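For reference, positions follow the sequence shown, starting with 1. From a predicted model like this one, the values you see are computed outputs, not experimental measurements.
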Amino acid sequence: MTSISTEEENYVRMSLLLTGISPRAVRVLFDSEFHPSCLDSTLKKAYNKLIDLKETCNKCSAVNLMFTRFPDVPDSKTFDITLMITLLRNLATISPPACEFDDLPSATETMLGADLTRIKYYRNYMAHLGYGKIDTSFFNTAWNNITNAIERLGGQQMKQECDYLNTKPLDQTNQEIMLDIKRSNDEIRELKESFKSLKMSHTEIKKSHELLQEEHADVSRKLQKLETSQEDTVPWNLRGKHLEYSFAQLNLEISCYG
C-alpha cells in the first residue's frame, strides 16, 4: 500500500470533518429552527422565495428535496449542508457576521451566523482546492475554527468526535480514499487544461473567422467600387486597359489574402 504524506493526511481528516461531522452539527441547529413536524408547511409558505433561490440551492435537485410529491414529506436528513445553511440564512432570524455570509469571520465572532459562515467558508475552500494536500499550519487553524463552531452548534459530544478524528490513525480505507481523491484531482486538472486549450483554440478560430469576414467584405467593397467607378467620361478604348489593370491588382490582393 502506497503511503501518504502528512499534508495528504491533513486533507483526508479535513474532508471527513466537513462531510461527516459538520453537516450533523448544522442539522442540529436546522431542526431546532425548523422542527421536522413543521418543515413541510414552513417550506410551502416560503415557496416563491425559495424558487427564486434555486440557483443557490443546487438548482432543481434541492427543489425536489424541499417540495416532495405526496405522500412524501421533506426531511432534513436528505438536505446537504449547503441547502441547510441557505435555508437558515434566508428563512430563520439569524444575524450575519460582520463580514456578511461569504467571507471568513474573525475568531472573536461566535454567534450562530458566524459559525454557519465559518463552516461554509472552509467547505468551499476544500471544494475548490485543486490538489489533495493541506499545509499543517493552515490545517491547525482551520481545524480549530471548524471544531469550535461544531461544538457550539452540535454540542460537546460532537467536539469529542472531532478530537478523535484529529488523532486516530487513518486506516487503509481512508488511505485508499485519499489515493482516489488524488487520482480524481489529477483527472480534473487534465480536464481543466484540455478545456483551457479548447477554449483558446475556439477563440483563435473565432478571431480568424472574423478576420476572414472583414477581408471578404473589403474585397466586396473594392469590387463594388470598381464596378461603379467607371464613368462614361473615360474613353472606351482606355477603359478596357484600366479595367484590365485594376482586375490584375485585385487578383494580386486576393492572392495575398490566401
Compare all side-chain heavy atoms of Val26 with those of Leu88 and state whether any distance is below 4.5 angstrom. yes
At their closest point, which heavy atom of Met84 faces which heavy atom of Phe79, and how far apart are they? CG-CB, 3.7 Å
Quick note, ring-ring contact (aromatic ring centres under 6.0 Å, His included) partners involving residues 82-126, not counting sequence neighbours, are Tyr125-Phe138
Donor-acceptor check, side chain of Arg27 to backbone of Gly154, threshold 3.5 angstrom: yes or no? no
What about Ile94 and Met111, same hydrophobic cluster or not, with Ile/Leu/Val/Met/Phe/Trp/Tyr joined at side-chain heavy-atom distances under 4.5 Å? no
Taking only residues two or more places apart in sequence or in another chain, which ones pass side-chain hydrogen bond (donor to acceptor under 3.5 Å, both in side chains) with Lys45? none
Worked check of side chain to side chain contact (heavy atoms under 4.5 Å, CB included) between Arg13 and Ile134: CA-CA 10 Å; Arg13 295 183 196 278; Ile134 295 180; over 6 Å; no
Quick check: closest heavy atoms across Met14 and Phe139, and the distance to 0.1 Å? CE-CD1, 3.8 Å
Specify the closest pair of heavy atoms between Ser15 and Met126, including all atoms of both residues, with the distance to one decimal. OG-CE, 3.3 Å
With sequence neighbours left out, write down each residue that passes side-chain hydrogen bond (donor to acceptor under 3.5 Å, both in side chains) with Asp163, or none if nothing qualifies. Lys159
Value rounded to 0.5 Å, distance of OG1 in Thr42 from CG in Leu91: 8.0 Å
If the condition is side-chain hydrogen bond (donor to acceptor under 3.5 Å, both in side chains), which residues does Thr136 pass it with, not counting sequence neighbours? Asn10
So, for Asp103 and Cys99, which heavy atoms are closest and what is the spacing to 0.1 Å? O-SG, 3.1 Å
Could you work out, with ring-ring contact (aromatic ring centres under 6.0 Å, His included) as the rule, every residue matching Phe34, not counting sequence neighbours? Phe30
Rounded to the nearest 0.5 Å, how far apart are CG of Leu16 and OH of Tyr11? 10.5 Å
Could you tell me whether Gln157 atom CD has more than 12 heavy atoms of other residues or ligands within 6.0 Å of it? no
Do the non-hydrogen side-chain atoms of Pro36 and Asp75 ever get within less than 4.5 Å of each other? no
Measure from the side-chain N and O atoms of Arg118 to the backbone N and O of Glu109, and report whether any donor-acceptor pair falls under 3.5 Å. yes
Would you say that Asp102 contacts Lys120 through its side chain, given a criterion of any heavy-atom pair below 4.5 Å between the two side chains? yes
Apply side chain to side chain contact (heavy atoms under 4.5 Å, CB included) to the pair Ile146 and Ile21, showing each step before the final yes or no. CA-CA 10 Å; Ile146 298 167; Ile21 304 176; over 6 Å; no
Just to verify, what does Ser76 make a side-chain hydrogen bond (donor to acceptor under 3.5 Å, both in side chains) with, not counting sequence neighbours? Asp31
Counting C-beta onward and ignoring hydrogens, is there a side-chain heavy-atom pair between Thr147 and Asn166 closer than 4.5 Å? no
Taking the side chain as C-beta and beyond, is there a heavy-atom pair between Leu153 and Ile119 under 4.5 Å? yes
When you look at Cys162 and Leu17, which way does the side chain to side chain contact (heavy atoms under 4.5 Å, CB included) test go after all the steps? CA-CA 7 Å; Cys162 297; Leu17 178 69; 3.6 Å; yes
First locate atom CG of Leu170, then atom CD of Glu9, and finally report the distance between them rounded to the nearest 0.5 Å. 4.5 Å
Contact summary for Pro105 and Ala114, nearest pair of heavy atoms: CG-O, 3.5 Å
Beyond-backbone contact of Asp80 with Pro23, side-chain heavy atoms, under 4.5 angstrom: no
Can you give me the closest heavy-atom contact between Pro74 and Leu39, atom names plus distance? O-CD2, 3.7 Å
Taking side chain as C-beta onward, heavy atoms only, is Glu151 less than 4.5 Å from Met158? no
Contact between Pro96 and Thr117 at the side-chain level, heavy atoms closer than 4.5 Å - yes or no? no
